[in-house]
Amino acid sequence: MKIISKIVLFFILCIYIAVLSKFILFKYIPLSQIIEHFNFTYDEYHWRDNNFVPFKTIKFYLYLADVNPSIRIENLAGNIIGFSPFGFILPLLSKRFQKLSRVTLATLFFSLTFEMIQLIFEFGSFDVDDIILNTIGGILGYIPIKIILSIVKYKGKTQ
């Protein structure tokens, strides 16, 4: 039974990564133009507003932006919520990810991978604040599963 649950979790993780890739990398690009990006032959105008300054975008959306509140929520909370499942699934999938530090590092590198792909292939814009928010999301996804696993482990010892 345990192997079946691991297979199901792995399948869920793969679906999650595919959906996340669509929302992060391919949200503005039609499928017909994706190959052109990988060939570096894309001549259309592309969005290149990269941010390498930590907390610049976060501050902008929290304090400076004169934009619709739903855009603020979509940008800030969306980055956090989008990576929460990653922090939730990893500890269930592997014992290696039972510690917060490992989940944090895995989420950071996973988010950095998405940002680097956006930077290199011009699918969007690199934003260091997205990495920060995504990593927070992974941590917030980890916390409830860690609590649940601790309760289950405690109940297993007392019975």
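All values reported here derive from a predicted model rather than from experimental measurement. Numbering starts at 1 and runs along the sequence shown. Every heavy atom of this structure was used, including side-chain atoms; hydrogens, water molecules and symmetry mates were not.
Note that CG of Leu112 is 11.5 Å distant from CG of Leu105, once rounded to the nearest 0.5 Å. The line from CD1 of Ile131 to OG1 of Thr107 is 12.0 Å long, rounded to the nearest 0.5 Å. Atom CG of Asn75 sits about 4.0 Å away from atom OH of Tyr61, to the nearest 0.5 Å. For the atom pair CZ (Phe55) and CG (Leu133), the distance works out to 8.5 Å, reported to the nearest 0.5 Å.
Side-chain contact between Ile17 and Leu20 is absent, with no heavy-atom pair separated by less than 4.5 Å. Side-chain atoms of Ile24 and Phe123, non-hydrogen and from C-beta on, never get closer than 4.5 Å to each other. Residues Gln118 and Phe126 have side chains not in contact (no heavy-atom distance under 4.5 Å, counting atoms from C-beta outward). Residues Ile3 and Ile7 are in side-chain contact: their nearest non-hydrogen atoms beyond the backbone lie under 4.5 Å apart.
Judged by distance alone, with hydrogens and angles left aside, the side-chain atoms of Lys6 form a donor-acceptor pair with the main-chain N or O of Leu93 at under 3.5 Å. Under the 3.5 Å distance criterion, the side-chain polar atoms of Asn79 are left unmatched by any main-chain donor or acceptor of Asp130. At distances below 3.5 Å, at least one donor-acceptor pair connects side-chain atoms of Asp129 with backbone N or O atoms of Ile58.
Crowding of Arg72 atom CZ: a count of heavy atoms from other residues, nucleotides or ligands under 6.0 Å exceeding 12. Counting non-hydrogen atoms of neighbouring residues, nucleotides and ligands closer than 6.0 angstrom, the CZ atom of Phe23 reaches no more than 12 such neighbours.
Tracing side-chain contacts under 4.5 Å through hydrophobic residues (I, L, V, M, F, W, Y), one never reaches Leu92 starting from Tyr154; they form parts of separate clusters. Connection of Leu90 to Ile139 is established within a shared hydrophobic cluster, with ILVMFWY side chains joined at heavy-atom distances below 4.5 Å, either directly or through further cluster members.
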| task | Determine, step by step, whether Val103 and Lys146 satisfy the side-chain contact (heavy atoms from CB on, under 4.5 Å) criterion, reporting the C-alpha distance in whole Å, the side-chain angles of both residues, the deciding distance to 0.1 Å, and the verdict. | result | CA-CA 11 Å; Val103 171; Lys146 185 61 177 179; over 6 Å; no
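With Phe86 as the partner, the ring pair (Phe, Tyr, Trp, His ring centres under 6.0 Å) test is satisfied by one option alone out of Phe114, Tyr142, Phe97, Phe110: Phe110.
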